[in-house]
Amino acid sequence: MATAEWKRGTRNGLEVVELVTPASTCTIALHGAQVLSFAPRDDREWLWVSDKAHFAVGKALRGGIPICFPWFGPHPDSGLPAHGFARTRVWRLSGVEALNGTRVRAELELASDADTLRVFPHAFTARLAVTAGDGLELAFEVTNTGNAPFAFEVALHTYFAVLAADAVAVKGLGGCTYADKVAGGALRRQDGTPIRFEGEVDRVYDSGGPVAIAGPARARPIRIESTGAASTIVWNPGPAKTATLADMSPDGFNGFVCVETGNVGDRRVTLAPGARHETHVRYASRV
Ligand code: TA6
């Protein structure tokens, strides 16, 4: 029986820390503080990583749980990367600890510096705590270390592995309004039916959940519960958009659905000097 422990290593040249518990193994790249894998001992891998993902410092890695911060989506200045800079910087591993023999928590940190201040002129410290056990928890905390308020967006952009995207659905957002980015951002209201994936789906819901991913293509449903989150983004590129993405195989869209938890658009967070905000999400799957 594995005990709760951790070890450092590399994956495709990127430095990683691996959290090993009796129930699961979780791999986190220091680049982007990006969770790349969560493999329960009694289930399939929960996360998907593109077979053409870029494993290179400074480049976005498609898959796992990219952190979109301090902005979500394209930046008004087209010269800046979509989804902010948190996912393309190397974070500091500030601590790892085994908790009561069944879980392990890793903490990673990114502080503002000359590079970030050039594109986001605010002093901050961002911390991500990843706790692995029979489920997976992420706590993303931002502290305003400057002397003026600032606003930021965040999304934990999770790629959930599925056997077939058209054989799962996302449940729990019935009645919520959403911006349909496939229809130019048109505002719509989700009816009571689960969200299904036939073709490109790209929707920003005004709800932090809880939601679930379920269907024949997921042996067991994954439940997603959050605190400090007011947005859920649901995305799958479908075949046409996938064909435009250099870091995806043509059929890659069929291997995942993205259900992302955070605070984006008009749900962005404004922090007073010295204030902090935590976006917390828990992924669980019980029989
Ligand atoms: O979360 C959905 C989304 O904003 C989509 O519009 C699509 O751009 C996706 O993120 C992936 O973005 P990326 O920059 O990682 O290719």
Side-chain angles (χ1 to χ4, degrees), residues 14 29 31-36 47-89 119 138 140 152-162 165 168 170 173 176 178-188 190 195 197 199-209 211 213 224 226 229-250 252-268 279 281:
L14 290 182
H31 181 257
Q34 192 159 337
V35 179
L36 300 179
L47 304 177
W48 175 90
V49 174
S50 172
D51 56 4
K52 293 191 170 181
H54 302 300
F55 281 77
V57 171
K59 288 185 77 82
L61 193 164
R62 188 174 302 286
I65 309 178
I67 298 173
C68 304
F69 171 80
W71 62 84
F72 177 78
H75 188 279
D77 172 352
S78 60
L80 296 179
H83 293 328
F85 48 70
R87 65 176 178 171
T88 54
R89 292 289 302 268
V119 298
L138 279 77
F140 179 80
F152 69 90
E153 295 175 295
V154 56
L156 301 173
H157 194 297
T158 307
Y159 287 76
F160 290 98
V162 297
V168 292
V170 173
L173 293 167
C176 298
Y178 65 91
D180 185 346
K181 290 169 63 177
V182 173
L187 291 180
R188 306 188 195 284
Q190 182 67 33
I195 303 160
F197 300 89
E200 184 178 2
V201 173
D202 194 350
R203 302 178 184 179
V204 180
Y205 286 85
D206 65 351
S207 164
V211 296
I213 303 170
I224 304 169
S226 72
S231 308
T232 298
I233 301 102
V234 178
W235 178 61
N236 183 284
K241 174 142 190 188
T242 297
T244 70
L245 299 173
D247 58 352
M248 279 188 67
S249 295
F253 67 93
N254 205 30
F256 73 90
V257 295
C258 277
V259 181
E260 309 154 34
T261 303
N263 296 281
V264 303
D266 58 8
R267 302 299 178 93
R268 70 186 59 216
T279 303
V281 68

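Ligands are counted one by one from 1 in listed order, and the atoms in each one are counted from 1 as well.
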| query | Short list, please: which atoms of ligand 1 are under 4.0 Å from a heavy atom of Lys181? | reply | 4 (O), 6 (O)

| request: Taking only Lys NZ, Arg NE, NH1 and NH2, and the carboxylate oxygens of Asp or Glu, determine whether Lys52 and Asp247 approach each other closer than 4.0 Å. | output: no

| message | Students should be able to answer this: which protein heavy-atom is nearest to atom 12 (O) of ligand 1, and at what distance? | response | His83 NE2, 3.2 Å

| query | Considering distance alone, does some N or O of Trp235 sit under 3.5 Å from an N or O of ligand 1? | reply | no

| query | What class does the angle between the rings of Tyr159 and Trp235 fall in, given that below 30° is parallel, 30 to 60° is tilted and above 60° is perpendicular? | reply | perpendicular

| For ligand 1, which atoms sit closer than 4.0 Å to a heavy atom of Phe72? | 1 (O), 4 (O)

| request: Report, in ascending order of atom number, the atoms of ligand 1 lying under 4.0 Å from any heavy atom of Ile233. | output: 1 (O)

| message | Students should be able to answer this: which protein heavy-atom is nearest to atom 16 (O) of ligand 1, and at what distance? | response | Arg62 NH2, 2.8 Å

| Nearest-neighbour protein heavy atom for atom 8 (O) of ligand 1, which is reported as residue plus atom name and distance | Lys241 NZ, 4.0 Å

| query | Where does the angle between the aromatic ring planes of Phe85 and Trp71 fall among parallel (under 30°), tilted (30 to 60°) and perpendicular (over 60°)? | reply | perpendicular

| request: Could you tell me if the ring centre of Phe69 sits under 6.0 Å from that of Phe140? | output: yes

| Could you state the interatomic distance from SG (Cys68) to CD (Glu260), rounded to the nearest 0.5 Å? | 6.5 Å

| query | Hey, is Arg87 one of the residues with a heavy atom under 4.0 angstrom from ligand 1? | reply | yes

| Measuring from Phe256:CZ to Leu47:CG, what's the distance to the nearest 0.5 Å? | 12.5 Å

| query | Hey, is the main chain of Ala60 close enough, under 3.5 Å, to the side chain of Thr88 for a donor-acceptor pair? | reply | no

| message | Quick test: of every protein heavy atom, which one is nearest to atom 5 (C) of ligand 1, and how far off is it to 0.1 Å? | response | Asp202 OD2, 3.3 Å

